[in-house]
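Only one structure is covered here, and it is reproduced in the block below.
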Amino acid sequence: MARQAAFEAHHRCYEDWFERHEAAYVSELLALRAFLPCEGDGLEIGVGSGRFAGPLGVQVGLDPSPAMLAYTARRGIEGVEGVAEDLPFASGRFDYALLVTTICFLDSPEAMVGEARRVLRPGGRLVIGFIDRDSPLGQAYATHQQESVFYPDATFYSADEVANFLEGGGFRVDAWGQTLAHSLASTREIEPLRPGRGECAFVVVSAVNGG
């Protein structure tokens, strides 16, 4: 995650997004909660300002941006500076790991998967929430990414590509979920979690280490 400069410079803009799109944010939170273990030691890779780790009860968050980690600390999360491709944690430390809209900013999703597998205990769970490139919202982000302060260098992935990263890295994918069937501008109500993938913009995949 070497692309932290935009998040350092525009951290207030990042925080404002969650206020302006509260229904979409809560929809994503509820979708993620359905897949996270209820107990155990958790890590969010690319924790940002802690908007997900905090309410989801994830104890440790990693991010390359000191400005983001300052928000994380205020939300009661142990923040660690670092990158997804070289996690500064001992092998087998965590029961589960979470990524939320982070995979598109990575230099190497394959390296992240390898590192996640290393720091997870056998049978540990990796949960990834991402914008499906093949969805209308994903296509809109890709089309207009040069107009965004955050997405000019982002690489959006399809659900199939994310599944390939996981399975190629030694994980067994065992569940999919999705939400946000409408554009952000028209999302004014919290949307329920739907099973599967291919119909909504925000997709959650859950995979087991060593599957």
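As a basis for the values below, the full set of heavy atoms in this structure was taken, side chains included, without hydrogen atoms, waters or symmetry mates. If you're wondering where the values come from, they're calculated on a predicted model, not measured in any experiment.
- Atom-to-atom distance recorded for Phe89:CZ and Leu120:CG is 11.5 Å, nearest 0.5 angstrom.
- In this structure, Asn209 CG and Arg125 CZ are separated by 10.5 Å, a value rounded to the nearest 0.5 Å.
- When every heavy atom of Leu166 is checked against every heavy atom of Ala207, the shortest pair comes out as CD1-CB, 4.1 Å.
- Counting only heavy atoms from C-beta outward, the side chains of Phe105 and Thr155 never approach each other to under 4.5 Å.
- Using a distance-only test at 3.5 Å, with no hydrogens or angles considered, no donor-acceptor pair links the side chain of Ser135 to the main chain of Arg133.
- Scored by the side chain to side chain donor-acceptor pair (under 3.5 Å) test, Asp134 finds no partners at all (sequence neighbours excluded).
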Apply side chain to side chain contact (heavy atoms under 4.5 Å, CB included) to the pair Arg197 and Asp160, showing each step before the final yes or no. CA-CA 10 Å; Arg197 56 195 173 106; Asp160 285 343; 2.7 Å; yes

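- For the pair Met112/Val83, no side-chain contact is recorded, criterion being any heavy-atom separation below 4.5 Å from C-beta on.
- Here the two rings, on Tyr157 and Phe165, have centers that are under 6.0 Å apart.
- Applying the side-chain contact (heavy atoms from CB on, under 4.5 Å) test to Ala73 and every residue at least two apart in sequence or in another chain returns nothing.
- A pairwise comparison of heavy atoms in Gln178 and Gly196 identifies NE2-C, 3.4 Å as the closest pair.
- Interatomic distance, CD1 of Ile131 versus CG of Leu180, reported as 6.5 Å (0.5 Å rounding).
- Across all non-hydrogen atoms, the minimal contact from Ala163 to Trp176 is CB-CZ2, 3.8 Å.
- Checked against side-chain contact (heavy atoms from CB on, under 4.5 Å), Glu115 has the following partners two or more places apart in sequence or in another chain: Asp86, Leu87, Arg118.
- A donor and an acceptor atom, one from each side chain of Glu15 and Ser49, are located under 3.5 Å apart.
- From Leu126, atom CG reaches atom CG of Leu99 across 6.0 Å, with rounding to the nearest 0.5 Å.
- For Ser158, the side chain to side chain donor-acceptor pair (under 3.5 Å) partners are Glu161, not counting sequence neighbours.
- Under the ring-ring contact (aromatic ring centres under 6.0 Å, His included) criterion, Phe130 pairs with no residue at all, not counting sequence neighbours.
- Residues meeting the salt bridge (charged side-chain N to carboxylate O under 4.0 Å, His left out) test with Glu167, sequence neighbours left out: none.
- To the nearest 0.5 angstrom, Leu56 atom CG is 9.5 Å from Ile77 atom CD1.
- Every residue meeting the side-chain contact (heavy atoms from CB on, under 4.5 Å) condition with Arg74, not counting sequence neighbours, appears here in chain and number order: Ala70, Tyr71.
- Side-chain polar atoms of Arg194 and Thr179 form no donor-acceptor pair below 3.5 angstrom.
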For residues 22-29, tabulate all N or O donor-acceptor pairs below 3.5 Å that involve a side-chain atom, not counting sequence neighbours.
from  : atom 1 : to     : atom 2 : distance (Å)
Tyr25 : OH     : Arg51  : O      : 2.5
Ser27 : OG     : Ala23  : O      : 2.7
Ser27 : OG     : Glu191 : N      : 2.8

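- The two residues Gly48 and Asp63 have their closest heavy-atom pair at N-OD2, 2.8 Å.
- Contacts of Arg188 classified as side-chain contact (heavy atoms from CB on, under 4.5 Å), with partners at least two apart in sequence or in another chain: none.
- Between Trp17 and His21, the ring-plane angle classifies as tilted under the 30° and 60° cut-offs.
- Put simply, OH on Tyr14 and OG on Ser65 are 10.0 Å apart, with the number rounded to the nearest 0.5 Å.
- Summarising the geometry of Val127 relative to Ser206, their closest heavy-atom pair is CG2-OG, 4.1 Å, with the distance given to 0.1 Å.
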Could you walk me through whether Val60 and Val80 pass side chain to side chain contact (heavy atoms under 4.5 Å, CB included), step by step? CA-CA 8 Å; Val60 181; Val80 178; 4.2 Å; yes

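- Pairing each heavy atom of Ala84 with each of Leu106, the nearest pair is CB-CD2, 3.6 Å.
- When atom types are taken as modelled, the side chain of Glu85 and the backbone of Asp107 share a donor-acceptor pair closer than 3.5 angstrom.
- Legend: residues meeting ring-ring contact (aromatic ring centres under 6.0 Å, His included) with Phe202, ordered by chain and number and at least two apart, are absent.
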Please report, to 0.1 Å, the donor-acceptor pairs under 3.5 Å made by any side chain of residues 30-46, with sequence neighbours excluded.
from  : atom 1 : to     : atom 2 : distance (Å)
Arg33 : NH2    : Pro55  : O      : 2.8
Asp41 : OD2    : Arg121 : NH2    : 3.4
Glu44 : OE1    : Ala53  : N      : 3.1

